[in-house]
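The structure appears below as structure tokens.
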Amino acid sequence: MPNTWVVVADSGSARIFTADSPQGELVEREDYAHSEARVKESRLVSDRQGRTVSSSGRLHTFSSEETPRDAESRAFAKLLADRLRGARVEGDLDRLVLVAAPEFLGRLRSALDDETRKHIDSELSLNLTSLSAKEIRSRLLNA
């Protein structure tokens with residue numbers, strides 16, 4: 001069977017499993033914790049947002065399109081995507097199953113390079129990061 005990697009993730013943690021068959025046992029290969037995603041947003045920024053006064057004398061606050069928490073989540077998705085790309089290039093990954101919290105799944109998918117994205121066999125939009133390998137396998141078989 002090809003090298004199948006199952007990535008179970010959310011914006012703050014990820015676990016990578018391998019399986020030697022579609023119904024085979026999941027073996028945990030790697031575990032990632034991105035603690036920055038769990039920090040209060042106020043601790044991720046060092047300054048207050050910038051302000052300006054309009055010609056009419058009104059005070060306006062500059063806002064950012066991306067929050068610091070979103071930036072941390074995007075950075076974590078990139079870290080995982082880089083790891084998966086490396087595994088593909090090294091020949092360790094043939095098939096990929098993504099299981100991620102809904103808000104993180106799209107971010108992870110878009111962080112993947114085109115060639116690695118072609119190896120995605122299936123996706124499941126659920127947060128299963130706190131489950132055991134056996135429970136995750138069960139959920140995958142029933143999905």
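Residue Tyr32 is not grouped with residue Val97 when hydrophobic side chains (ILVMFWY) are merged at heavy-atom distances under 4.5 angstrom, including chains of intermediate members. Taking hydrophobic clusters as Ile, Leu, Val, Met, Phe, Trp and Tyr residues chained together by side-chain heavy-atom distances below 4.5 Å, Phe17 shares a cluster with Val99. Criterion: ILVMFWY side-chain heavy atoms under 4.5 Å apart, direct or through other members. Under it, Ile120 and Ile16 are part of a common hydrophobic cluster. No continuous path of hydrophobic side-chain contacts links Val6 to Leu93 [ILVMFWY only; heavy atoms under 4.5 Å].
Heavy atoms of other residues, nucleotides or ligands lying less than 6.0 angstrom from CD of Glu25 number 12 at most. Counting non-hydrogen atoms of other residues, nucleotides and ligands closer than 6.0 Å to CZ of Arg139 gives a total of 12 or fewer.
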Taking it one step at a time, do Arg69 and Glu72 satisfy salt bridge (Lys or Arg N to Asp or Glu O under 4.0 Å)?
CA-CA 5 Å; Arg69 188 176 304 265; Glu72 287 300 331; over 6 Å; no

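Across Ser11 and Phe104, no two heavy atoms sit closer than the pair CA-CD1, 3.6 Å. Trp5 approaches Ala87 most closely through the heavy-atom pair CH2-CB, 3.3 Å. Closest approach of Ala101 to Asp10, counting heavy atoms only: CB-CB, 3.9 Å.
Side-chain N or O atoms of Arg117 include one that pairs as donor or acceptor with a backbone N or O of Arg109 at under 3.5 Å. No side-chain donor-acceptor contact under 3.5 Å links Asp92 to the backbone of Asn3. Looking only at distances, no side-chain donor or acceptor of Arg137 sits under 3.5 Å from a matching main-chain atom of Leu26.
Counting heavy atoms from C-beta on, the side chains of Thr4 and Asp121 never come closer than 4.5 Å. Counting heavy atoms from C-beta outward, Arg15 and Ile136 have side chains that approach closer than 4.5 Å. Leu80 is not listed as a side-chain neighbour of His34, based on a closest heavy-atom distance of 4.5 Å or more. By the 4.5 Å heavy-atom criterion applied to side chains, Arg107 and Asp70 are counted as neighbours. You'll find the side chain of Leu108 reaches within 4.5 Å of the side chain of Leu98, heavy atoms only. No side-chain heavy atom of Val8 sits less than 4.5 Å from a side-chain heavy atom of Leu131.
With hydrogens and angles left out, the side-chain atoms of Arg88 and Thr116 include a donor and acceptor closer than 3.5 Å.
Using a 4.0 Å cut-off between charged side-chain N and carboxylate O, Asp82 and Lys78 make a salt bridge.
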